Amino acid sequence: MAGREKFLILGSNSFSGATFCDFLAADGHDVLATSRSEEAHPAFLPYKWQERPGRVRFKRIDLNHDLDGLKSASW
């Protein structure tokens, strides 16, 4: 792969969202994890349990009110 692919995950605090973030990071991708609430406790975020080749960053964004925040989110 020439470079890491980047993924935006909406609802990353959910069970499926957090697990998908972990899956992508384990496969070497960079992930911007977003949710309208604060980041969940690490016990609920599999991507925080061990080092992964990819990177997961979290940004709190409410798409109903902070769409500009999503546009300005840096990778």
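The model shown is predicted, which means the values in this text are computed figures rather than measured ones. Counting from 1, the numbers follow the sequence of the chain as shown.
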Holding to side chain to side chain contact (heavy atoms under 4.5 Å, CB included), I want the full list of residues that pass it with [X], two or more places apart in sequence or in another chain.
{"X": "F44", "result": "A40, H41"}
{"X": "H65", "result": "D62"}
{"X": "L10", "result": "L8, T34, L63"}
{"X": "S14", "result": "S16"}

To the nearest 0.5 Å, tell me how far [X] [atom1] sits from [Y] [atom2].
{"X": "F15", "Y": "L45", "atom1": "CZ", "atom2": "CG", "result": "12.0 Å"}
{"X": "I9", "Y": "F23", "atom1": "CD1", "atom2": "CZ", "result": "11.0 Å"}
{"X": "K59", "Y": "D66", "atom1": "NZ", "atom2": "CG", "result": "8.5 Å"}

query: Does the distance from a Lys or Arg side-chain N to an Asp or Glu carboxylate O, for E39 and K48, drop under 4.0 Å?
result: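 A salt bridge links E39 with K48.
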Please give me the minimum heavy-atom distance between [X] and [Y], naming the atom from each residue.
{"X": "G28", "Y": "P53", "result": "CA-CB, 3.9 Å"}
{"X": "A25", "Y": "V56", "result": "CB-CG2, 3.6 Å"}
{"X": "Y47", "Y": "C21", "result": "CD2-CB, 3.7 Å"}

Q) Listed by chain and number, what are the side chain to side chain donor-acceptor pair (under 3.5 Å) partners of N13, not counting sequence neighbours? A)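 So N13 forms a side chain to side chain donor-acceptor pair (under 3.5 Å) with S35, S37.
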Problem - F20 reachable from V31 in the ILVMFWY side-chain graph, under 4.5 Å edges - result: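 Linked, V31 and F20 end up in one cluster.
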Is the shortest side-chain heavy-atom distance between D22 and R52 below 4.5 Å?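 Result yes, sub-4.5 Å side-chain heavy-atom pair found.
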(message) I'd like to know if the side chain of D30 reaches the main chain of R55, judged simply by a donor and an acceptor atom lying under 3.5 Å from each other, with no hydrogens or angles considered.
(response)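 Present.
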Salt bridge (charged side-chain N to carboxylate O under 4.0 Å, His left out) with R60: which residues, sequence neighbours excluded?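 Result, salt bridge (charged side-chain N to carboxylate O under 4.0 Å, His left out) vs R60: E38.
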